[in-house]
Amino acid sequence: MTTITSFKIEDLRFPTSLTGDGTDAMNKSCDYSSAYVTLLTDGKDIGYGMTFTIGRGNDIVCAAVEKVAERLVGRKTEELFADMGAAWNYLLADPQLRWIGPEKGVIHIATGAVVNALWDMYARHERKPLWQLIAEFTPEEFVRSVSFRYITDAISPAEALELLKSKQAGKKERLERVKKEGYPSYTTSVGWFGYPDEKVARLTREAIAQGFNHFKVKVGGGVEDDRRRLALVRSIIDDPKECAGRPTPAPETLVGKNAGPTGSVLMIDANQVWDVQQAVDYVKQLAEFKPWFIEEPTAPDDILGHAEIRRQLSPHGVGVATGEHAHNRMVFKQLLQANAIDVCQIDSCRLAGINEILGVLLMAAKFGVPVCPHAGGVGLCEMVIHLSLVDYLCVSASIDTNVLEFVDHLHEHFTDPCSINAAGHYVVPSNPDEGYSMGMHESSKAEFVFPHGTYWSDPANKKLHGLE
């Protein structure tokens, strides 16, 4: 029986602030970063996990990860794997660590890193990609892995079990379809806040050539600038000549999305910069560009604010999406109960790992709200394809409305990077040894570990980043 004996934590930071990658109206300087944890055992089992930040403060998260990971040292992996729901509850049960949440903030995302590493180890032990491990659970095993505390007024274990059993039919056919076609995605790479217009235009054309028909643009820096950028993107994605040769989107995948004449869909994202009425008044001025939704229009934990924004924007044909910064499953519960969102956006690192995410997937399915996860960052795309596959195969059984975010940054640092096919769809992970796809090249870690990696210790780079 294998025992977890130790762990290693690394503060990894990538200098994306130099190119404007990841920038938006709220976050104008981003160094994509990973609080990265490796769980070690006295056998061959190993697990990799992380949570995502954008630079300063990553060291604070690493310190919290250390405190959470300590709880696993000495635990038998066989016992943990036998009941991952109990393992999750155990990691959340330290009263003194819980106090500095509870179940939100730094301690919660740190817990997510450790939980992600434990699930990664479990999947590697079973020699299955993470999505396959969970997809092959019985409905009873699935329910046992979910965190239901505080959400039973939205969905009970009995309701979840009934829902999962009802989705068993057709699972084999769904798997064959997604392996053949891939999982639909959208790109945010075209419209970062810090990009000049010529770069936006070039990247939009490149995305069309890659097969994408869903495009997201950052907004909130000024109405006239936003109108100009949205007009630019629309002029390209709605032009039949620009889209010639791209696969024709199926009509059922465009329902309710304000698609243009070529089947292209536009989304906008404000990253929390507005007050409630300000968001409504601002987005009305962008409505002529027919976005499918406005993402994060206001504070991420303002449930009633999102509901009011949705109520006022609905007559203008613009939906509301959020979830990237939703603290925990309880925020998602209330967003769904309040009819505050048209699209549910889980994040693989903001919530405390797989167990909590499974509960959100179940609630979204019950309320009939599509899950279109947040990705991008460093490692998020690698992780979140597993979650979308679990949702499609086991929970919602739906793929027509759903699209998964893709950002073409930093994949080269991972041993099993995600990939996109010619239709702009995620390829299903298939390596039996990749687990949750969180393995990272040692050379990448040696270069970008902060502050002593070869990149960050270079005097010229220190000066460039103001670290002298």
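Basis for what follows: all heavy atoms, side chains included, without hydrogens, waters or symmetry-related copies. All values derive from a computational prediction rather than experimental measurement.
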Colleague: Do side-chain atoms of Arg174 reach the backbone of Ser398 as a donor and acceptor pair under 3.5 angstrom?
Modeller: no

Colleague: What I want to check is whether the side chains of His411 and Glu382 have a donor and an acceptor closer together than 3.5 Å.
Modeller: yes

Colleague: Would Phe14 and Tyr32 count as a close aromatic pair, with their ring centres under 6.0 Å?
Modeller: no

Colleague: Can we say Arg311 and Glu308 salt-bridge, meaning some charged N sits less than 4.0 Å from an Asp/Glu carboxylate O?
Modeller: yes

Colleague: Aromatic rings Tyr455 and Phe448: how do their planes relate, parallel, tilted or perpendicular, breaks at 30° and 60°?
Modeller: tilted

Colleague: Determine whether a donor-acceptor pair (N or O, by modelled atom type, separation under 3.5 Å) exists between the side chain of Thr16 and the backbone of Cys30.
Modeller: yes

Colleague: Do the rings of Trp274 and Tyr282 sit parallel, tilted or perpendicular, given the 30° and 60° boundaries?
Modeller: tilted

Colleague: Considering non-hydrogen atoms only, spot the tightest contact between Pro129 and Pro432 and give its length.
Modeller: CD-CA, 4.1 Å

Colleague: Do Glu162 and Lys165 sit within salt-bridge range, that is, some charged N less than 4.0 Å from a carboxylate O?
Modeller: no

Colleague: Indicate the atoms forming the closest heavy-atom contact of Ile107 with Val68, along with that distance.
Modeller: CD1-CG2, 4.0 Å

Colleague: Closest heavy-atom contact between His425 and Gly182?
Modeller: ND1-O, 3.6 Å

Colleague: Using a 3.5 Å distance criterion without hydrogens, assess whether the side chain of His306 forms a donor-acceptor pair with backbone atoms of Ala340.
Modeller: no

Colleague: Which distance, rounded to the nearest 0.5 Å, do you find between the CD1 of Ile294 and the CE of Met267?
Modeller: 11.5 Å

Colleague: Is it the case that Asn58 and Thr53 place a side-chain donor and acceptor less than 3.5 Å from each other?
Modeller: yes

Colleague: Output the distance between atom CZ (Arg350) and atom NE2 (His108), rounded to the nearest 0.5 Å.
Modeller: 10.0 Å

Colleague: Testing the 3.5 Å rule here: is there a donor-acceptor pair between the side chains of Glu296 and Gln345?
Modeller: no

Colleague: Does a donor on one side chain sit under 3.5 Å from an acceptor on the other, for Trp119 and His386?
Modeller: no

Colleague: Looking at Ser34 and Met50, what are the two nearest heavy atoms and their distance?
Modeller: OG-CB, 3.3 Å

Colleague: Which heavy atom of Ala123 sits nearest to which heavy atom of Gly435, and what is that distance?
Modeller: CB-CA, 3.7 Å

Colleague: Are Arg177 and Asp400 within salt-bridge range, i.e. N to O under 4.0 Å?
Modeller: yes

Colleague: Does the distance from a Lys or Arg side-chain N to an Asp or Glu carboxylate O, for Asp31 and Arg13, drop under 4.0 Å?
Modeller: no

Colleague: Indicate yes or no: does Lys218 engage Glu295 in a salt bridge with an N to O separation below 4.0 Å.
Modeller: no

Colleague: Kindly write out the residues that satisfy ring pair (Phe, Tyr, Trp, His ring centres under 6.0 Å) with Phe7, not counting sequence neighbours, or none if the list is empty.
Modeller: none

Colleague: Enter the distance from Ser396:OG to Leu163:CG here, rounded to the nearest 0.5 Å.
Modeller: 9.0 Å

Colleague: For residues 369-379, please give each side-chain donor-acceptor pair under 3.5 Å, one per line with the distance, not counting sequence neighbours.
Modeller:
unit_1	atom_1	unit_2	atom_2	d
His374	ND1	Asp347	OD2	2.5
His374	NE2	Glu324	OE2	3.2

Colleague: Does a salt bridge link Asp391 with Lys167, judged by any charged N lying under 4.0 Å from a carboxylate O?
Modeller: no

Colleague: Could you give me the CA-CA distance, side-chain angles and deciding distance for Ile385 and Trp131, then say whether side-chain contact (heavy atoms from CB on, under 4.5 Å) is met?
Modeller: CA-CA 8 Å; Ile385 177 56; Trp131 69 263; over 6 Å; no

Colleague: Could you give me the CA-CA distance, side-chain angles and deciding distance for Ile4 and Leu118, then say whether side-chain contact (heavy atoms from CB on, under 4.5 Å) is met?
Modeller: CA-CA 10 Å; Ile4 296 176; Leu118 186 59; 4.3 Å; yes

Colleague: Please confirm whether the ring centroid of Trp456 lies under 6.0 Å from the ring centroid of Phe450.
Modeller: yes

Colleague: Between Asp433 and Arg124, does any NZ, NE, NH1 or NH2 come within less than 4.0 Å of an OD or OE carboxylate oxygen?
Modeller: no

Colleague: Could you tell me which residues satisfy side chain to side chain donor-acceptor pair (under 3.5 Å) with Glu79, sequence neighbours excluded, listed by chain and number?
Modeller: none

Colleague: In terms of the angle between their ring planes, are Phe406 and Phe212 parallel, tilted or perpendicular, with boundaries placed at 30° and 60°?
Modeller: parallel

Colleague: Using atom types as modelled and distance alone, determine if a side-chain donor or acceptor of Lys366 lies under 3.5 Å from a backbone N or O of Ala154.
Modeller: yes

